[in-house]
Amino acid sequence: MENKSLNQIIAARKEKIQKILDLGINPYPYNFKVKHSTDFIIKKNSGKKTSIAGRIMSLRRMGKASFLNLQDMNGKVQLFISRDDVNSKTYELFKLLDIGDFIGVAGTVFITKTNMPTLKIEKLELLSKSIRPIPDVKEKDGEKFNLVSDKEFRYRKRFVDLIINPEVKNDFIKRATIINSIRNFLNKNKYIEVETPVLQPVYGGANAKPFVTYHNALDQQFYLRIATELYLKQLIVGGFERVYEMSKDFRNEGVDRSHNPEFTMLEFYQAYVDYHYMMDFVEKMFKEIAKDLKMKTVEVDNIKIDFSKKFHRKTMDELMKEHLNEDVDLSSQSGLFNLCKKYNLKVKKSDSIAKLIDEIMRRKIEPHLIEPTYVINHPVEISPLAKVHRDADKSFTERFELFIGGMEFANGFSELNDPIDQRNRFEDQSSKRNSGDEEAFPIDENFLEAIETGMPPTAGVGVGIDRIAMLFIGTRWIRDSIIFPTLKTLK
RNA sequence: GCCUCAGUAGCUCAAUGGUAGAGCAGUGGCCUCUUAAGCCAUUGGUUCAAGGUUCGAGUCCUUGCUGGGGUACCA
């Protein structure tokens, strides 16, 4: 991968390290006293003295004086060094600096003839010598040139991406703000944060293919969790009344624009409430995030989403009426089948009501749910952990999914706590598995034992954190919300 | 998975099937208000990999690798 050109650059930098050592200077010292950041200079504190530290981003040498740009966490600023202002050793050191080096400087702020706030260097310290070149991105009037166009390079070498595209940092600062906001919201609502096993002997809580691993000392196979649900509900059984976990789940499935094999999931459960309560609660949580980010609206595909508005709540037949103008009887298999045919959906005559409904929702409705909308009351067949609806048809559940911008953000329900029903549902999953459904989950006796011991009425929700980050960052790519996305190792 | 496009110097990009080139970065000079600094000189290439067609392949064909963009499943 590395050839002569790069090795030549590295060799030249290593020679400079030797020359710096010959000057009696340590190219990798231990600290530097930073007084201000670059923004102090940008704010035109003319005549004031300060010291700043950062990475050299460009050098414009003119023999006896030079300008350079220094970048730190807050931005970029111009420095000026003249042989008249520093001692000869410092100027010798300066001549050995490269783009990419970290330096610390002390001096006086002044304004150049072209009205550019600049720090005149009086003292200069090398803080870390860079021996590997970074792409030299030029910039004029805010327009960038020679930007790295290779997205793969940016994801693989995120450290370089962050150096040459410092605005990328803002997206991840935003993500951190979102996560803080969610934790604060849950904590102040008396939720307890817990950590459940990543290595699980039996996986479950979602329909997905797991990663398999092996523990040598225990001589046992483990699965990386696909969800935290089954453990968190055991804690509700145990007497925690409000618990949450925000952590990585792992699903051994395709990688695309909106899926990464490891992703961050929030799940929370509260005893003695139902899914109506949770819909209100999740809505409040989203509004709180928007408030903490000081973003009243976000934009998805040029459509503005206003978080001050109330989220919609719609049953599936209501949505089919609204979006397709069809009067649908959700209990009529033949009616649903004919509807699927009408819209050219790939279905079989033998498909269940649940599957037909799911197909219509997924193809014809969900992608068009731009404004925050709760889709409610899903078929029991596709909701193996949700309680049946209290007054509607018993083949439907008290479940909701939140859609924003055509993407699913949350999935919650009144949790099934009838142990007989729950065992039947697991057996149904198990038989689906045996007949080839790779994503159906196996029977978890430990979990069933807990439910048999008795779980209070409870509602729970799962929320995709990476997707919330995508929503507020304003990207359609999950890799822009995950700082080190999963990539194949180069051979 | 499938479809499709791409991979040339550290970075950005050229090169009708006919000697692999430029800008930036690097190196050596000149230069005390530059800012995509400038000027002179210069180093740097197994053109993603392996085969094939051809007198001749960066270019055409096959396979593979990696990635981008679609699409399917999952959040």
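Given the structure is predicted, the values throughout are model-derived calculations rather than measurements.
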Can you identify which nucleotide, out of [options], has its nearest atom closest to the [X] side chain?
X        : options                : result
A/Ile9   : B/rG26, B/rA36, B/rA75 : B/rG26
A/Ser5   : B/rC24, B/rG44, B/rA75 : B/rG44
A/Glu408 : B/rU27, B/rC24, B/rA75 : B/rA75
A/Lys138 : B/rU34, B/rA25, B/rA75 : B/rA25
A/Arg476 : B/rC11, B/rC24, B/rG70 : B/rG70

Decide yes or no on side-chain hydrogen bond (donor to acceptor under 3.5 Å, both in side chains) for A/Asp72 and A/Thr38, but give the supporting numbers first.
CA-CA 7 Å; A/Asp72 71 3; A/Thr38 47; 2.7 Å; yes
Base-contact (B) and sugar-phosphate-only (S) positions in nucleotides 28-33 of chain B, heavy-atom cut-off under 4.0 Å, - elsewhere:
---BBB
Searching all strands shown, indicate the nucleotide that pairs with [N] (Watson-Crick or G-U wobble; both distances under 3.5 Å).
N      : result
B/rG44 : none
B/rU71 : B/rG1
B/rU66 : B/rA6
B/rU16 : none
B/rC11 : B/rG23

Please report the C-alpha distance between A/Phe281 and A/Tyr191 in whole Å, then the side-chain angles of each, then the deciding distance to 0.1 Å, and finally whether the ring-ring contact (aromatic ring centres under 6.0 Å, His included) criterion is met.
CA-CA 12 Å; A/Phe281 192 71; A/Tyr191 275 78; 5.6 Å; yes
Distance, [atom1] atom - from [M] to [N], rounded to whole angstrom:
N      : M      : atom1 : value
B/rA57 : B/rG18 : P     : 11 Å
B/rU59 : B/rC48 : P     : 8 Å
B/rC13 : B/rU47 : C1'   : 14 Å
B/rG10 : B/rU27 : C1'   : 14 Å

Just jot down the side chain to side chain contact (heavy atoms under 4.5 Å, CB included) partners of A/Pro117, sequence neighbours excluded, or say none.
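With neighbours one apart ignored, the set is A/Ile41, A/Lys44, A/Ile111.
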By the 4.0 Å heavy-atom rule, please label [X] as base, sugar-phosphate, or nothing.
X        : result
A/Met265 : nothing
A/Asp256 : base
A/Asn115 : nothing
A/Asn146 : base

Report yes if a side-chain nitrogen or oxygen of [X] is closer than 4.0 Å to either non-bridging phosphate oxygen (OP1 or OP2) of [N]; otherwise report no.
X        : N      : result
A/Trp477 : B/rG68 : no
A/Arg257 : B/rG70 : yes
A/Lys151 : B/rG68 : no
A/Arg60  : B/rU34 : no
A/Arg154 : B/rG67 : no

Okay, side chain of A/Gln429, backbone of A/Ala440: is any donor-acceptor separation there less than 3.5 Å?
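Not confirmed, A/Gln429 side chain does not pair with A/Ala440 backbone.
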Does A/Glu267 use its side chain to pair, donor to acceptor, with the backbone of A/Glu229 at less than 3.5 Å?
yes
Start with the C-alpha gap between A/Asp444 and A/Phe426, add the side-chain angles, then the distance that decides, and say whether side chain to side chain contact (heavy atoms under 4.5 Å, CB included) holds.
CA-CA 8 Å; A/Asp444 185 337; A/Phe426 265 90; 4.1 Å; yes
d([atom1], [X]; [atom2], [N]) in whole Å:
X        : N      : atom1 : atom2 : result
A/Glu253 : B/rG1  : CD    : P     : 14 Å
A/Ile134 : B/rC24 : CD1   : C1'   : 13 Å
A/Arg399 : B/rA75 : CZ    : P     : 8 Å
A/Met57  : B/rA37 : CE    : P     : 12 Å

A/Tyr203 six-ring face occupied by A/Arg251 cation (under 6.0 Å, within 45°):
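Negative - A/Arg251 is either too far from the ring of A/Tyr203 or too far off its axis.
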Counting only heavy atoms and a strict 4.0 angstrom limit, can you tell me which residues of residues 466-474 of chain A come near RNA chain B?
A/Arg467
